[in-house]
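To keep things clear, I will list the structure first and then write my remarks on it.
Atoms considered below: every heavy atom in the structure, side chains included; atoms not considered: hydrogens, waters and symmetry mates.
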Amino acid sequence: MVRILDKAAVQPRRSFNLAKSFTIQRSPSRSGIAAIAIRIPVNSQPNRVDLVASVGVRGVTGIGQIRFRIFRGGKEIFNTQQGIESTGSEQNYIITFQAEDRNVRAGTHAYTVTAENLTANTRVDVVGPISFSGLAVKTRN
């Protein structure tokens with residue numbers, strides 16, 4: 001049996017909206033997508049934080065390779081990569097991924113999601129929706 005320690009969720013964009021889109025920066029720069037804070041109480045070991053993110057993107061030029069990362073307190077804990085096609089093929093995508101952070105120390109932790117475009121001469125925009133959530137639970141020994 002597990003015990004819920006904390007939960008956080010944010011939805012910076014609720015829908016697809018070209019008018020409010022922004023371009024994902026070219027690596028090594030990163031675009032901030034969403035952030036939440038999770039609090040782990042003292043004496044809550046072992047534990048895990050389950051994280052789920054969804055990001056709506058649109059391919060504008062070429063086939064971009066987008067690296068999504070999750071950080072806890074500035075330290076990368078997860079990454080994944082997704083190819084995004086543009087004109088003449090699929091253009092709009094919802095990228096959803098989940099990560100698990102185990103045995104997080106007591107305190108309040110900032111989790112952030114970023115994206116970066118790894119491919120030169122391509123363009124991928126974030127068009128929404130965007131959501132990011134985390135659930136911290138105390139697990140069995």
Exercise. Where is the tightest heavy-atom contact between Thr122 and Gly64, given as atom of each residue plus distance?
Worked result: OG1-CA, 3.6 Å

Exercise. If two hydrophobic side chains count as joined below 4.5 Å and joins carry through other members, does Val10 share a cluster with Tyr111?
Worked result: yes

Exercise. At what distance, to the nearest 0.5 angstrom, does OG1 of Thr114 lie from CD of Glu76?
Worked result: 7.5 Å

Exercise. Val60 and Val127: same hydrophobic cluster, using ILVMFWY side-chain contacts below 4.5 Å?
Worked result: no

For this session: Any chance you could measure Phe132, atom CZ, to Ile70, atom CD1, to the nearest 0.5 Å?
Result: 5.0 Å

For this session: Using the rule that two of Ile, Leu, Val, Met, Phe, Trp, Tyr join whenever any of their side-chain heavy atoms come within less than 4.5 Å, decide whether Ile33 and Leu51 are in one cluster.
Result: yes

Exercise. Are Val49 and Ile40 close enough that some pair of their side-chain heavy atoms sits under 4.5 Å apart?
Worked result: yes

Exercise. Does any N or O in the side chain of Asn47 come within less than 3.5 Å of the main-chain N or O of Val137, such that one atom is a donor and the other an acceptor?
Worked result: no

Exercise. In Å and rounded to the nearest 0.5 Å, what is the CZ to NE2 distance from Arg72 to His109?
Worked result: 6.5 Å

Exercise. Would you say Glu90 has more than 12 foreign heavy atoms packed within less than 6.0 Å of its CD?
Worked result: no

Exercise. Do the side chains of Phe22 and Val55 join up, straight or via other hydrophobic residues, at under 4.5 Å, putting them in one cluster?
Worked result: yes

Exercise. Any donor and acceptor pair, going by atom type alone, linking the side chain of Ser131 with main-chain N or O of Gln11 inside 3.5 Å?
Worked result: no

For this session: Starting at CG of Asp125, measure out to NZ of Lys20 and round the result to the nearest 0.5 Å.
Result: 15.5 Å

Exercise. What's the shortest heavy-atom distance between Ser86 and Gly62, and which atoms?
Worked result: OG-O, 2.8 Å

Problem set entry | Arg48 side chain to Thr139 side chain, donor-acceptor N/O pair below 3.5 angstrom | no

For this session: Would you give the length of the straight line joining atom CD1 of Ile24 to atom CZ of Arg58, rounded to the nearest 0.5 angstrom?
Result: 13.5 Å

Exercise. Hey, what's the ring geometry for Phe97 with Phe78, parallel, tilted or perpendicular (30° and 60° as the breaks)?
Worked result: parallel

For this session: Output, in order, the C-alpha distance, side-chain angles, deciding distance and verdict of side chain to side chain contact (heavy atoms under 4.5 Å, CB included) for Asp101 and Ile38.
Result: CA-CA 11 Å; Asp101 194 12; Ile38 296 285; over 6 Å; no

For this session: Check whether any side-chain N or O of Tyr93 sits under 3.5 Å from a backbone N or O of Glu85 as a donor-acceptor pair, and report yes or no.
Result: yes

Problem set entry | Check: Ser44 side chain, Lys138 main-chain N or O, donor-acceptor pair, under 3.5 Å | no

Problem set entry | Flag if over 12 foreign heavy atoms under 6.0 Å of CD, Gln98 | no

Problem set entry | Basic-acidic side-chain contact under 4.0 Å: Glu116, Arg30 | yes

Problem set entry | Donor-acceptor under 3.5 Å (Gln45 side chain, Val104 main chain) | yes

For this session: Please indicate whether Leu18 has more than 12 foreign heavy atoms, meaning atoms of other residues, nucleotides or ligands, lying under 6.0 Å from its CG.
Result: yes

Problem set entry | Contact check, side chains of Asn103 and Pro46, non-hydrogen atoms, under 4.5 Å | yes

Problem set entry | Sub-4.5 Å side-chain heavy-atom contact between Leu5 and Pro41 | yes

Exercise. Are Val124 and Leu118 connected in a single hydrophobic cluster, I mean Ile/Leu/Val/Met/Phe/Trp/Tyr linked by side-chain heavy atoms less than 4.5 Å apart?
Worked result: no

For this session: With rounding to the nearest 0.5 Å, note down the distance linking OG1 in Thr23 to CZ in Arg123.
Result: 4.0 Å

